[in-house]
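Convention: sequence-line order gives letters A, B, ...; per-chain numbering from 1. For clarity, every value in this text was computed on a predicted model and none was experimentally measured.
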Amino acid sequence: MQRSIDLAEVVKLNHGYARSIDEDALETWPDFFAEDCLYRITTADNYARGYEAGLMYADTRAMLEDRVKSLRIANVYERHRYRHILGMPAVSEASGADICSETSFVVIRIMRDGTLTVFATGKYVDRMRQDESGRLVFSERIVVCDNSNVDALLAIPL
Amino acid sequence: MQRSIDLAEVVKLNHGYARSIDEDALETWPDFFAEDCLYRITTADNYARGYEAGLMYADTRAMLEDRVKSLRIANVYERHRYRHILGMPAVSEASGADICSETSFVVIRIMRDGTLTVFATGKYVDRMRQDESGRLVFSERIVVCDNSNVDALLAIPL
Amino acid sequence: MQRSIDLAEVVKLNHGYARSIDEDALETWPDFFAEDCLYRITTADNYARGYEAGLMYADTRAMLEDRVKSLRIANVYERHRYRHILGMPAVSEASGADICSETSFVVIRIMRDGTLTVFATGKYVDRMRQDESGRLVFSERIVVCDNSNVDALLAIPL
């Protein structure tokens with residue numbers, strides 16, 4: 001039997017996820033996903049049209065771990081970092097064990113020289129479930145960017 | 001008899017409101033207001049001085065509906081969109097059935113070419129009540145912008 | 001015996017603090033600290049290296065009050081204001097009566113001509129306790145800025 005999941009847990013998952021990126025603890029980032037998951041970055045235009053193609057795509061946690069290794073080799077954190085600011089998740093019930101939510105985000109990019117720019121805005125469209133230990137994880141996270149030109153600089157996950 | 005209203009409901013109202021604008025579901029935006037309401041956009045300077053004049057003004061829900069129709073004809077969403085990020089409401093008790101709160105906001109504007117700019121910052125000064133069905137709605141929302149030059153580009157409600 | 005402190009209280013403290021700055025009620029800003037406190041602004045690089053030096057430093061509430069008086073004489077609010085947007089605090093238990101949390105922030109600066117810029121991003125690393133009246137206050141607030149060039153314009157507390 002599933003215990004009920006409340007908003008506070010969804011908020012905590014979202015902020016833990018953002019912190020793993022912002023605090024340069026990327027190795028812990030894949031842990032926020034189920035082993036069998038979907039992670040996709042796309043644009044609002046493509047999302048509205050139902051296009052499957054995305055700026056980044058992974059459908060297992062292993063692919064996310066590979067991505068982190070590549071980023072470490074490429075040393076992108078030497079060049080820039082992010083700071084996420086999140087809205088409050090809008091949680092909706094879903095069929096079966098999964099729950100769904102949408103959460104607004106704004107990501108500020110910090111360059112090595114200290115320049116701050118609004119790098120991306122959008123919403124996370126998520127499906128979550130509890131893993132075997134009862135911890136909430138993403139079975140699906142679609143990052144829908146408002147701005148369509150975000151790909152040119154995309155390196156660190158959003 | 002009124003049931004008590006908690007912070008979670010005020011948060012939900014605020015985020016639902018922002019989502020109706022950000023997700024281009026403007027037709028649902030007037031539903032967040034009481035039929036007999038006040039909606040006003042002003043600047044921090046004018047608000048501090050007690051000036052009534054504002055950058056936008058409506059005192060019925062019907063006026064808000066008219067505004068949405070005008071925006072659809074003008075097709076402003078083809079040209080830009082917004083993304084709101086909200087603070088936590090500071091709720092204070094009020095006389096009678098209404099409750100009051102203040103909520104910080106930052107609005108990012110997304111142009112068609114993908115340019116992101118901080119468009120407006122400020123606070124919502126709100127009065128809320130429950131409508132006949134028990135749903136929380138704004139009887140008054142005063143949008144107090146920190147920046148005094150916001151009017152030049154003002155088209156979509158904040 | 002201490003009563004237990006919940007997330008809602010930490011959220012409220014954080015937002016009250018930010019509001020005292022954003023709403024130009026700086027005289028109330030020292031009240032968010034214990035009399036014997038630590039307030040320090042530093043950069044992520046220096047914080048990671050364990051450097052004690054900071055862009056701003058105070059270790060009593062009286063020093064914070066002095067700082068506010070200086071700011072009023074310098075009239076910095078005539079020249080710019082801030083708007084804070086905060087993440088959800090990540091609260092961790094601590095030894096003794098104190099509790100600890102980390103909270104992401106983004107600060108937008110508003111110039112007199114209406115220009116809005118992302119001035120600073122980072123995280124607050126906090127220790128909090130209840131004062132004699134049971135109110136939660138900061139015994140320690142370290143402001144860790146992501147951007148290393150923030151000092152050039154630093155005037156109002158973050």
Side-chain angles (χ1 to χ4, degrees), chain A residues 5-11 14-15 18 22 41-49 55 82-93 100-110 115-126 142-154 158, chain B residues 6-26 28-29 31-32 75-91 101 103-122 124 126 135-136 147 156 158:
Chain A
I5 290 159
D6 66 5
L7 179 60
E9 281 186 84
V10 178
V11 167
N14 271 278
H15 281 79
D22 294 353
I41 303 181
T42 188
T43 64
D45 284 350
N46 285 343
Y47 186 73
R49 286 174 192 142
L55 307 171
Y82 289 167
R83 180 64 57 181
H84 288 68
I85 293 288
L86 307 179
M88 192 62 72
V91 177
S92 58
E93 297 302 319
C100 298
S101 77
E102 292 196 8
T103 305
S104 285
F105 66 83
V106 170
V107 177
I108 309 292
R109 194 164 53 118
I110 304 111
T115 313
L116 301 175
T117 51
V118 185
F119 176 64
T121 67
K123 63 174 171 178
Y124 295 118
V125 182
D126 298 323
I142 304 175
V143 186
V144 182
C145 295
D146 292 326
N147 49 324
S148 53
N149 64 339
V150 79
D151 52 341
L153 292 158
L154 206 60
L158 285 172
Chain B
D6 67 5
L7 178 61
E9 281 185 85
V10 177
V11 168
K12 200 176 166 185
L13 173 63
N14 271 279
H15 280 79
Y17 173 100
R19 217 162 18 247
S20 75
I21 299 172
D22 295 352
E23 297 299 322
D24 192 8
L26 264 194
T28 67
W29 172 69
D31 300 343
F32 293 94
N75 240 337
V76 291
Y77 269 99
E78 289 298 306
R79 282 172 278 147
H80 64 277
R81 294 180 64 171
Y82 288 168
R83 181 64 58 180
H84 288 68
I85 294 287
L86 306 179
M88 193 63 70
V91 177
S101 78
T103 306
S104 284
F105 66 83
V106 169
V107 177
I108 309 291
R109 195 165 52 119
I110 303 111
M111 301 304 289
R112 284 302 295 173
D113 68 358
T115 313
L116 301 176
T117 50
V118 184
F119 177 63
T121 67
Y124 296 118
D126 299 322
R135 204 172 51 97
L136 201 64
N147 49 325
I156 305 171
L158 285 171

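Atom CZ of Phe119(B) sits about 9.5 Å away from atom CE of Met111(B), to the nearest 0.5 Å. Between Arg109(B) atom CZ and His80(B) atom NE2 the span is 6.0 Å, to the nearest 0.5 Å.
Interface remark: Ile108(B) contributes side-chain atoms only to the contact with chain A (heavy atom separation under 4.5 Å). When heavy atoms are compared at a cutoff of 4.5 Å, Ala44(A) approaches chain B solely by way of its side chain, counted from C-beta outward.
At a cut-off of 3.5 Å, with distance as the only test, a side-chain donor of Thr115(B) or Asp113(B) sits close to an acceptor on the other residue.
Taking chain A as the reference chain and counting heavy-atom pairs below 4.5 Å, the highest number among His15(B), Arg19(B), Met88(B) is found for His15(B). Of the listed residues (Gly122(A), Ala48(A), Gly87(A), Ala90(A)), the greatest number of heavy-atom pairs within a distance under 4.5 Å of chain B belongs to Gly122(A).
The one candidate from Ile21(B), Asn14(B), Leu136(B), Leu13(B) that meets the side-chain contact (heavy atoms from CB on, under 4.5 Å) condition with Phe32(B) is Leu13(B).
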